[in-house]
Novice: 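One structure coming up, written as structure tokens, with questions to follow.
Side chains are part of it too, since the values below use all heavy atoms of this structure and drop only hydrogens, waters and symmetry mates. Here is how names work: the chains are called A, B, and so on, in the same order as the sequence lines, proteins then strands, and each is numbered from 1. What you see is a predicted model, and the numbers here were worked out from it, not measured in a lab.
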Amino acid sequence: MGPMLKAVPGTNDILAQAKEYPFREPVFRYIVSTAEEVLRGAGAQMVYTPIFEYLEVFQKGVGLTSDIVVKKEMFVFEDRGGRLLALRPEPTAAIVRAYNEHGMKVWPQPVRLFTWGPIFRGERQQKGRYKQFHQVDYEALGLSDPLLDAEAIALMVRIYKTLGLKNLEVKLGSVGDPEDRVRYNQYLRELFGPYARDLSEDSRVRVEANPMRILDSKSERDQALIAELQPKPMLAFLGPAAQKFHEQVCNYLDRLGVAYTVDPNLVRGLDYYVRTAWEVHHAGIGAKSALGGGGRYDGLSEMLGGPPVPGVGFGIGVERLAIALEQEGVAPPADPCPTLYLAPLDEAAKIEVLALAEQLRPKIYVEIGYTPKSPRKILEDALKKGARYVGFIGETERARGVITLKHLETGEQRALEPLQLHSLFEGPEVK
RNA sequence: GUGAGCGUAGCUCAGCUGGUUAGAGCACCGGUCUGUGGAACCGGGGGUCGUGGGUUCAAGUCCCAUCGCUCACCCCA
């Protein structure tokens with residue numbers, strides 16, 4: 001036997017007793033269920049798509065210059081027929097694929113969907129960055145209207161606030177229409193081209209491939225050059241249509257009272273974004289790490305071989321949100337305690353305890369003891385579990401056909417027959 | 001891929017300039033308490049001190065290598 005096997009670095013077990021707050025199951029559940037409540041309450045429909053797709057879904061979706069593709073950060077594998085499959089590195093492309101596949105274009109538009117689940121990227125682990133992480137994702141498809149962008153941002157912010165998060169910063173920008181970006185990239189190439197050798201190695205490649213990405217490089221060399229050259233921001237290159245769209249999103253947000261700051265240089269890692277782009281930041285996660293982000297992707301459907309379908313949506317990183325919640329001292333609501341803790345005093349009582357518990361469980365939350373113990377131990381166990389009632393079955397009870405039931409708070413104790421027990425737990429007051 | 005820090009019980013850690021049989025707290029199980037309240041006291045299980053090699057009469061401790069983990073860069077959620 002070799003060493004005991006462990007989880008792959010960058011993956012995490014989510015369990016109640018996890019020592020790190022972001023991986024505690026109640027924290028996860030709190031985030032996901034709150035998001036679900038907010039989004040359902042806004043009329044969005046829950047969907048689940050597979051966690052893997054044909055590679056092309058993501059390859060075409062994210063674009064060939066995206067780091068996800070360039071740096072091989074997708075988990076790619078072959079099926080038996082040799083077709084390439086990939087674990088999803090983001091949910092949007094899969095949802096658009098599903099929209100097209102199920103003919104949702106004939107549904108009333110917009111179609112508003114949300115999902116949540118694991119996302120996979122082949123990156124090396126560090127705080128807030130994992131190979132498998134989780135996202136809550138919302139998409140509004142089939143209608144190109146700044147109202148949907150504003151609604152998406154408002155919903156996203158409301159999820160954070162409902163969870164109890166403060167200190168949010170919403171950065172809003174626009175990446176323009178494709179032709180605007182062509183002009184902007186051309187401008188940047190001409191600006192940076194002559195200085196290419198002053199740039200970092202990564203950014204030198206970007207001059208031709210994706211010059212917009214130079215702007216959010218964290219390399220000191222790059223930032224020094226950027227400070228010196230003072231490139232004009234993307235926002236200055238918006239065409240009239242994109243410009244008007246952006247202004248409307250801002251107006252709507254003002255009207256909704258959603259706070260944001262315009263970031264003229266906001267860019268996106270994924271190529272399919274157009275116009276609206278935003279990120280939500282939180283001081284706790286680290287200098288440049290986003291809690292979540294969103295944007296408009298009107299060209300994505302066609303890249304996937306579908307009809308033109310405009311769309312806007314966002315992704316919320318569950319683990320990063322959990323880190324932010326921890327730093328703000330927000331705790332998930334406590335899990336309910338058992339109404340009844342039922343335990344055996346001897347071997348023969350074990351099955352009676354289970355049988356009785358199974359009869360009561362449709363009505364109340366019953367936990368049982370699995371090993372016969374002394375009444376003292378059973379009481380201790382019941383108290384540790386925070387139970388409201390404790391019940392014993394032993395020799396005496398068996399002889400009389402009863403169980404001994406004790407209310408832990410008042411100390412009141414009675415011997416009850418099964419029928420009496422059922423009627424006791426019939427009323428709503430015991431829950 | 002690059003750099004830094006850290007590896008002793010399930011968890012948190014102590015273990016001095018190398019020196020008997022490797023410790024504490026928490027958790028778990030049991031006893032004191034023979035069928036009744038979280039306490040207290042006592043006891044128990046659980047470790048090849050990450051792994052391999054070296055120095056030494058003697059290595060958890062010093063040296064080398066290796067593996068693992070964490071953080072940071074890159075990028076993003």
Novice: Name the nucleic acid region contacted by G315(A), choosing base, sugar-phosphate or nothing; use a 4.0 angstrom heavy-atom cut-off, strictly under.
Specialist: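 Since no nucleic acid heavy atom lies under 4.0 Å of G315(A), the category is nothing.
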Novice: Closest approach to the side chain of K19(A), judged atom by atom: which nucleotide of rA77(B), rG35(B), rU12(B) is it?
Specialist: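 That would be rU12(B).
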Novice: Can you work out whether E412(A) or K377(A) has the more 5'-proximal nearest nucleotide on RNA chain B?
Specialist: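 Mapping each residue to its closest nucleotide by heavy atoms, the 5'-most match is K377(A).
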Novice: Can you tell me the pairing partner of rA22(B) across any strand shown, Watson-Crick or G-U wobble, with both distances under 3.5 angstrom?
Specialist: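 Base partner found: none.
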Novice: Could you tell me how far rG23(B) sits from rG43(B) if I compare only their P atoms? Round to whole Å.
Specialist: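 Here rG43(B) and rG23(B) have their P atoms 14 Å from each other.
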Novice: For Y130(A) and rA77(B), what is the distance between atoms OH and C1' respectively, to the nearest whole Å?
Specialist: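 Nearest whole value for this atom pair: 10 Å.
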Novice: Taking a pair as Watson-Crick or G-U wobble with both distances under 3.5 Å, which nucleotide is matched to rC6(B)?
Specialist: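 Its partner is rG68(B).
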Novice: Ignoring hydrogens and angles, does a donor from either the side chain of T396(A) or the base of rG35(B) sit under 3.5 Å from an acceptor on the other?
Specialist: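 Looking at the base of rG35(B), it does pair with a donor or acceptor on the side chain of T396(A) (distance under 3.5 Å).
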Novice: Heavy atoms only, 4.0 Å cut-off, all strands: where does L408(A) land among base, sugar-phosphate and nothing?
Specialist: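 Answer is base: heavy atoms of L408(A) come under 4.0 Å of a base.
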Novice: Of the options rG35(B), rC11(B), rA77(B), whose atoms approach the side-chain atoms of R121(A) most closely?
Specialist: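 From the listed options, rA77(B) comes nearest.
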Novice: OG1 of T34(A) to CG of L321(A): how many Å apart, nearest 0.5 Å?
Specialist: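 One gets 9.0 Å once the value is rounded to the nearest 0.5 Å.
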Novice: State the pairing partner of rA58(B); accept Watson-Crick or G-U wobble contacts with both distances under 3.5 Å, and report none otherwise.
Specialist: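 rA58(B) is unpaired by these criteria.
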Novice: For the residue pair T404(A) / E397(A), report whether a side-chain donor-acceptor contact shorter than 3.5 Å exists.
Specialist: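 Yes, side-chain donor-acceptor contact under 3.5 Å.
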Novice: Tell me whether Y260(A) contacts the main-chain N or O of C250(A) through its side chain, where contact means a donor paired with an acceptor under 3.5 Å.
Specialist: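 Looks like yes, one N/O pair under 3.5 Å.
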Novice: When the distance from CG of L379(A) to P of rA39(B) is rounded to whole Å, what number comes out?
Specialist: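 My rounded result for the distance is 12 Å.
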Novice: Please report the distance, rounded to the nearest Å, between NZ in K406(A) and P in rG38(B).
Specialist: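 So the two atoms are 11 Å apart, to the nearest Å.
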Novice: Does any donor atom in the side chain of H282(A) or E328(A) lie under 3.5 Å from an acceptor atom in the other side chain?
Specialist: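 Note: H282(A) and E328(A) side chains meet the donor-acceptor criterion.
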Novice: Considering only the P atoms, how many Å lie between rU8(B) and rG3(B), rounded to the nearest integer?
Specialist: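 Taking atom P in both rU8(B) and rG3(B), they lie 25 Å apart.
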Novice: So what's rC73(B) paired with, Watson-Crick or G-U wobble, going by both distances under 3.5 Å?
Specialist: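 Pairing partner: rG1(B).
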Novice: With rounding to the closest Å, how many angstrom separate the C1' atoms on rG52(B) and rG19(B)?
Specialist: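 Between the two C1' atoms, the distance is 24 Å.
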Novice: Taking only side-chain nitrogens and oxygens of K127(A), does any of them come within less than 4.0 Å of OP1 or OP2 of rA72(B)?
Specialist: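 So the side-chain polar atoms of K127(A) never come under 4.0 Å of the phosphate oxygens OP1 or OP2 of rA72(B).
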Novice: Taking only side-chain N and O atoms of K373(A), does any of them lie within less than 4.0 angstrom of OP1 or OP2 on rC29(B)?
Specialist: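 True: K373(A) side-chain N/O within range (under 4.0 Å) of rC29(B) OP1/OP2.
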Novice: Check whether any side-chain nitrogen or oxygen of R376(A) sits under 4.0 Å from OP1 or OP2 of rG37(B), and answer yes or no.
Specialist: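 Answer is yes, contact under 4.0 Å.
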Novice: If we take the C1' atom in both rC42(B) and rG15(B), what is their distance in whole Å?
Specialist: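 So the two C1' atoms sit 26 Å from each other.
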Novice: Work out how far the C1' atom of rC57(B) is from that of rU32(B), and round it to whole angstrom.
Specialist: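 It works out to 48 Å between them.
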Novice: Quick one: do F23(A) and Y130(A) satisfy ring pair (Phe, Tyr, Trp, His ring centres under 6.0 Å)? Show the steps, please.
Specialist: CA-CA 12 Å; F23(A) 307 122; Y130(A) 312 100; 5.5 Å; yes
Novice: So what does E397(A) touch, heavy atoms closer than 4.0 Å: a base, only the sugar-phosphate, or nothing?
Specialist: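 The answer is base, as E397(A) lies within the cut-off (heavy atoms under 4.0 Å) of a base atom.
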Novice: Classify the ring geometry between Y273(A) and Y297(A) as parallel (under 30°), tilted (30 to 60°) or perpendicular (over 60°).
Specialist: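 Answer is perpendicular, since the angle exceeds 60°.
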Novice: I'd like the P distance from rG47(B) over to rC11(B), given in whole Å.
Specialist: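 Approximately 13 Å lies between the P atom of rC11(B) and that of rG47(B).
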Novice: Output the rounded distance in Å from CG (D381(A)) to C1' (rA27(B)).
Specialist: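 In whole Å, rA27(B) C1' and D381(A) CG are 14 Å from each other.
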Novice: Separation of E123(A) atom CD from rU70(B) atom P, in whole Å?
Specialist: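 Rounded to whole Å, this separation is 15 Å.
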Novice: Using atom P of each nucleotide, how far apart are rG38(B) and rA27(B) to the nearest Å?
Specialist: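 To the nearest whole Å, 14 Å.
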Novice: Give the ring-plane orientation class for F75(A) versus F120(A), where under 30° counts as parallel, over 60° as perpendicular and anything between as tilted.
Specialist: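 Perpendicular.
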Novice: For rA77(B), is there a stacking contact with F133(A), counting only centres under 5.5 Å and planes under 30°?
Specialist: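 Ring-base stacking flag set for F133(A) and rA77(B).
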Novice: What is the base-pairing partner of rC28(B), counting Watson-Crick and G-U wobble geometry with both distances under 3.5 Å?
Specialist: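 Its partner is rG44(B).
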Novice: Could you state the CG-C1' distance from L15(A) to rA27(B), rounded to the nearest angstrom?
Specialist: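 Atom CG in L15(A) sits about 15 Å away from atom C1' in rA27(B).
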Novice: Taking a pair as Watson-Crick or G-U wobble with both distances under 3.5 Å, which nucleotide is matched to rA39(B)?
Specialist: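 Partner of rA39(B): none.
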Novice: rG45(B) and rG5(B): how far apart are their C1' atoms, nearest whole angstrom?
Specialist: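 Pairwise C1' distance, rG45(B) against rG5(B), rounds to 35 Å.
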Novice: Under 4.0 Å, heavy atoms only, any strand: does E380(A) hit a base, just the sugar-phosphate, or nothing?
Specialist: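 Sugar-phosphate contact only - E380(A) comes under 4.0 Å of backbone atoms but never of a base.
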Novice: Is the phosphate of rC69(B), meaning OP1 or OP2, less than 4.0 Å from a side-chain N or O of Q125(A)?
Specialist: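 Result: no.
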Novice: Using whole Å, report how far CD1 of I378(A) lies from P of rG38(B).
Specialist: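 So the two atoms are 15 Å apart, to the nearest Å.
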Novice: Do the side-chain N or O atoms of Q126(A) get closer than 4.0 angstrom to the phosphate oxygens (OP1, OP2) of rA72(B)?
Specialist: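 Yes.
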Novice: Check the distance between rA77(B)'s P and L291(A)'s CG and give it to me in whole angstrom.
Specialist: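 It is 12 Å, rounded to the nearest whole Å.
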Novice: Please tell me which of the listed nucleotides, rG38(B), rG35(B), rA77(B), lies nearest to the side chain of A290(A)?
Specialist: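 Out of rG38(B), rG35(B), rA77(B), the nucleotide with an atom closest to A290(A)'s side chain is rA77(B).
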Novice: Assess whether a salt bridge exists between R275(A) and D149(A), defined as any Lys/Arg side-chain N lying under 4.0 Å from an Asp/Glu carboxylate O.
Specialist: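 So R275(A) does not pair with D149(A) through a salt bridge.
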